[in-house]
Amino acid sequence: MADKKKLLLIDGNSVSFRAFFAMHNVLDKFISGDGIHTNALYAFNNMLDIILKDEKPTHALVAFDAGKTTFRTEMFSDYKGTRAKTPPELMEQLPLIQEMLNLRGIKTYELKNYEADDIIGTLSREGEKDGMDVTIITGDRDLTQLTTDKVTVKVNIKGVTETEAYTPTHVKEKLGITPEQIIDMKGLMGDNSDHYPGVEKVGEKTAIKLLNEYGTMEGLYEHVDEMKKSKLKEHLINDKDQAFLSKKLATINCEAPIEVKLADVEYQGDNQEQLIQFYQKMSFNSFLEKMDVDTGETQAELPEIKFAELDAEAAKKIASSNKTQTLIVESLGENYHISPIIGLAVESEGNFYATTDVTILEDANFKSWLADGKKEKYVFDNKKTIALLNRYGCEFNGVSFDMLLVSYLLDTNNNKTDIGIVAQNYGHNLPNADEFYGKGTKRAIPEDEKVLMNFLCQKAQIINELHDKMMQELKDNDQDSLYDEIELPLSIVLASMEIKGVTVEAAKLKEMENSFAERLNTIEQKIYQEAGEEFNINSPKQLGVVLFEDLKLPVIKKTKTGYSTAVDVLEKLKDKSPVVQMILDYRQISKINSTYAIGLQKFIQQDNKIHTIYQQTLTQTGRLSSIDPNLQNIPIRIDEGRQIRKAFVPKHPDWEMFSADYSQVELRVLAHISGDENMQEAFKEDYDIHAHTAMRIFGLDTTDDVTPDMRRKAKATNFGIVYGISDYGLSQNIGITRKEAAQFIENYFEQYPGVKQYMDDIVKFARENGYVETIMHRRRYLPDIHAKNFALRNFAQRTAMNTPIQGSAADIIKVAMINMQKKIKDENLQANLLLQVHDEMIFEAPKEEIPILEKLVPSVMDSAVKLDVPLKVESAHGKTWYEAK
DNA sequence: CACGTCACG
DNA sequence: ACGTACGTGACGTGA
């Protein structure tokens, strides 16, 4: 089969479009020497590398649209009438994309009066006839109509590097119709983005149903008169002409008068020399480097840097320099609180020093340089560096540039804790940890320590190279104070919280584990008895069979893989069988036992403490996250789970736990940024906000008339508003009809017109700017705000509404944490800030300090940021975290 | 390694 | 007609 011919056809326009929006957030970072944007070019080429490797085509062609008018616009003048104009930043890249494709040995082609689809359709049929396997790459699902046993259509999903492969079987599975029926479906349902109508009120679902019954549109219309009288029938008859026209428009012409022959499109491979010149012109460093190392292992091919041993002599030089120096402290394990340092590197005044001998950390000169806050340093991941050095008895201060933090602030998606990956995102070709050390069982430190040392020096060099550019971008985005005053100082606070750790009594957890195990046993036996068989209750699959097949309970919801057995489903089945409540109980206890009672014990270290890791550069909103273990989701809502908090204690028996939380920060933030007068008034007057909302949306005169149920619904509505509300979501949440929910929302917006205005404005802002931001200028890019796909676009809109709220609340508590840490130091308190749970800080402190904290902490928290409404803080204390409520 | 489920704000 | 609340992490199951 070695001579099997393979034809690759790419829809140039739709893939370029996809490529452009996939990298829209870095639009301004990708500019060639002569000022032309290159983001789509870059993404297209990335995709091409992957495709060529996967497909190994013998023949290839990329088809483009020739212009606005085609045989379709002749048939229907408004074809693609509402399609947004191609952005000029993409327009200027299209000729470059064609040029690059030609340099990569791939022919491009366009034909007057025809679309790229028609060229692809025609060639794919010719290829098939010639016995070739054909693969089509496109961003447009319409092309799936071309699928046959020989022709696979791969549609880009999530940007351009991933595709979904459509074979006739996959089309059948996904849509329930054959590829040939797709044009009938399109005819019936029309196409919004190409702007041609189908039959009114007929969408994908209805169209597929009709086709399953009648086969084709022609078959359907032969029998339309026999249909029962219905709205659907009326619409079908009224829109018959439109439907047939739309079918024609949707049909790809597989007999276009193309002039290229299969023999003309043989894949030539790269034109090395000219391609290198082209990449240089575009400043595509990573592609250039890839070409050089194409033949061998990346590891061996890593360029060599000149470096000396980081020894006492080097340390002396480093310590005496007053220049900014770059430090790499390398560890390899999963968890930097446990894994050892395997090497260090320093760049100093243009010289590189590296070592794998950690005894350098005992050198007095080196130690004092590390600790000296006046000696300026660059690093990648300050928090991790502080924590690692701390375990070797070294203090670490003086960082001005943390490349990880900056890359995250510039784009929350560029948040990988691996310098290699971040460097790659900036177009530099540094291997990431998987590439350098190997993956899974193959992971190992290189035998030749020089190889490792060289790698660490490379890291230091990349940090230096990217510093100016990244800091300038931060300034351009008006994010320098977010970095200088919040994230960088916070990394030091978080390091100290992680290092201190929280004391957890293993014995207490063990005791709970035993009692839970006993109860689980009892419930388990009862369930088996009731069900009449033994099975694995923890397996949703087995449980589904027992509940819905053996016990024949009604199916409420299905998941992709089978019956849903989630809580909301089981709640509805409670009165149908006693086994349901038992399963709910079993689930609850089993969760608490495995995740917390048993799970947490594994993380208690020699010092009786748990040292979590706060991820500072992960979330898309600016919140922290906590891993290994997650200490931000310790149970509280149900008392059985809440008991777990009794194991969290202060480090000395006569100390106490102290906690303080913001009350309704997110709603207060919303009142502030929306400027809504009614909501602001409620907070200024310190009303019960949910009761106040209830009074307003139910049209009452006073909050005295608000019933608990009204308050509950108003509270849910307030939450919904913060999340970017939909009537369906709200109706599900509080168990009312969708109509009622819609009415609620309407009332809400009438009562809080400023909130309505904010929701509209922020979505508009996102559409115009491609991102939204918080009060401290934290950014989140939302490329999907332009998505064609309804669900994606709606999701982006809700995110646009929610992110400034959730993100500004995150900004506020971060400021409070930094200020609090400083106060503790200034006032010489022994209290330790240990945990943060999004709107709450948890401390341990000597009993005598509790009265001080009760005043100090709320005042620091409510004055962290000045808003148009007051911030409110509540605090509590007790012998364990359980009692500090 | 993906999925379903469920713990938190 | 579409398919839904926003943000997280960890566990057990089963391909």
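First the proteins, then the strands, lettered A, B, ... as listed; each starts at 1. The analysis underlying the following values was restricted to heavy atoms, covering all of them including side chains, and did not include hydrogens, waters or symmetry mates.
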| Using 30° and 60° as the class limits, which term best fits the ring planes of A/Phe648 and A/Trp881: parallel, tilted or perpendicular? | perpendicular

| field | Short side-chain donor-acceptor distance under 3.5 Å, A/Asp639 and A/Gln643 | value | yes

| request: Please work out if A/Asp661 contacts a base, only the sugar-phosphate, or nothing of the nucleic acid, heavy-atom cut-off 4.0 Å. | output: nothing

| According to the Watson-Crick and G-U wobble definitions, with both distances under 3.5 Å, which nucleotide is paired to B/dC3? | C/dG12

| message | Which heavy atom of A/Val865 sits nearest to which heavy atom of A/Met776, and what is that distance? | response | CG2-CE, 3.6 Å

| request: Give one of base, sugar-phosphate or nothing for A/Gly724, where a contact means two heavy atoms less than 4.0 Å apart. | output: nothing

| said: Does the structure place the NZ or CZ of A/Arg738 under 6.0 Å from the centre of the six-membered ring of A/Tyr728, at an angle of no more than 45° from the ring's axis? | reply: no

| Quick check: are there more than 12 heavy atoms from other residues, nucleotides or ligands sitting under 6.0 Å from NZ of A/Lys885? | yes

| note | Against the side chain of A/Ser594, the closest entry in C/dA15, C/dG12, C/dT13 is C/dG12

| message | Whether A/Thr619 contacts C/dG7 is assessed here as follows: a side-chain N or O lying under 4.0 Å from the phosphate OP1 or OP2. Is that the case? | response | no

| Most 5' of A/Ile721 and A/Phe790 on DNA chain C, judged by nearest nucleotide | A/Phe790

| query | For DNA chain C, whose closest nucleotide is more 5', that of A/Gly599 or that of A/Val202? | reply | A/Val202

| To the nearest Å, how far apart are A/Ile673 CD1 and C/dC6 C1'? | 14 Å

| request: Give A/Asn733 one of three labels, base, sugar-phosphate or nothing, depending on what nucleic acid heavy atoms sit under 4.0 Å from its own. | output: base

| message | Classify A/Ile627 by what it touches in the nucleic acid, base, sugar-phosphate, or nothing, heavy-atom distance under 4.0 Å. | response | sugar-phosphate

| For atom P, what is the distance between B/dC3 and C/dT4, given to the nearest Å? | 14 Å

| remark: Whole-Å distance, A/Glu524 CD to C/dG12 P, equals 14 Å

| said: With heavy-atom distances below 4.5 Å as the criterion, would you say the side chains of A/Leu667 and A/His690 are in contact? | reply: yes

| Which residues in residues 792-800 of chain A have at least one heavy atom lying under 4.0 Å from any atom of DNA chain C? | A/Asn794, A/Phe795, A/Arg798, A/Thr799

| Base-pairing mate for C/dT4 - Watson-Crick or G-U, with both contacts under 3.5 Å | none

| note | Here the distance between atom P of C/dC6 and atom CG of A/Leu667, to the nearest Å, is 17 Å

| Value in whole Å for how far the C1' atom of C/dG9 lies from CD of A/Gln615 | 9 Å

| request: Flag the pair A/Phe548 / A/Thr565 as yes when at least one side-chain heavy-atom distance between them is below 4.5 Å, and no otherwise. | output: yes

| query | For A/Leu232 and C/dA1, what is the distance between atoms CG and C1' respectively, to the nearest whole Å? | reply | 13 Å

| field | Gap between atoms NZ and C1', on A/Lys715 and C/dA5 respectively (whole Å) | value | 16 Å

| Looking across every strand, which nucleic acid part, if any, lies under 4.0 Å from A/Ala207 by heavy atom: base, sugar-phosphate, or nothing? | nothing

| remark: The contact string for nucleotides 4-9 of chain B, one letter per nucleotide 5' to 3', using protein heavy atoms under 4.0 Å with B, S and - for base, sugar-phosphate only and none, comes out as SSBBBB

| remark: Residues pairing under salt bridge (charged side-chain N to carboxylate O under 4.0 Å, His left out) where one sits in residues 590-601 of chain A, two or more places apart or in two chains, turn out to be none

| Atom CG of A/Leu730 and atom P of C/dT4: how far apart are they, to the nearest Å? | 17 Å

| field | Ionic contact status for A/Glu773 with A/Arg778, cut-off 4.0 Å | value | no

| request: Considering only atom P, compute the distance from B/dG4 to C/dA5 and round it to an integer number of Å. | output: 14 Å

| said: Tell me whether the side-chain N or O atoms of A/Ser726 pair up with the base of C/dT4 as donor and acceptor below 3.5 Å, since no angle test is needed here. | reply: yes

| said: Expressed as a whole number of angstroms, how long is the span from A/Tyr728:OH to C/dA1:C1'? | reply: 15 Å

| Between the side chains of A/Tyr662 and A/Asp862, is a donor N or O closer than 3.5 angstrom to an acceptor N or O? | no

| task | Mark yes or no: A/Lys646 above the aromatic ring of A/Tyr882, with NZ or CZ under 6.0 Å from the six-membered ring centre and no more than 45 degrees from the axis. | result | yes

| said: For C/dA15 and A/Lys541 - does any side-chain N or O of the residue sit under 4.0 Å from the phosphate oxygens OP1/OP2? | reply: yes

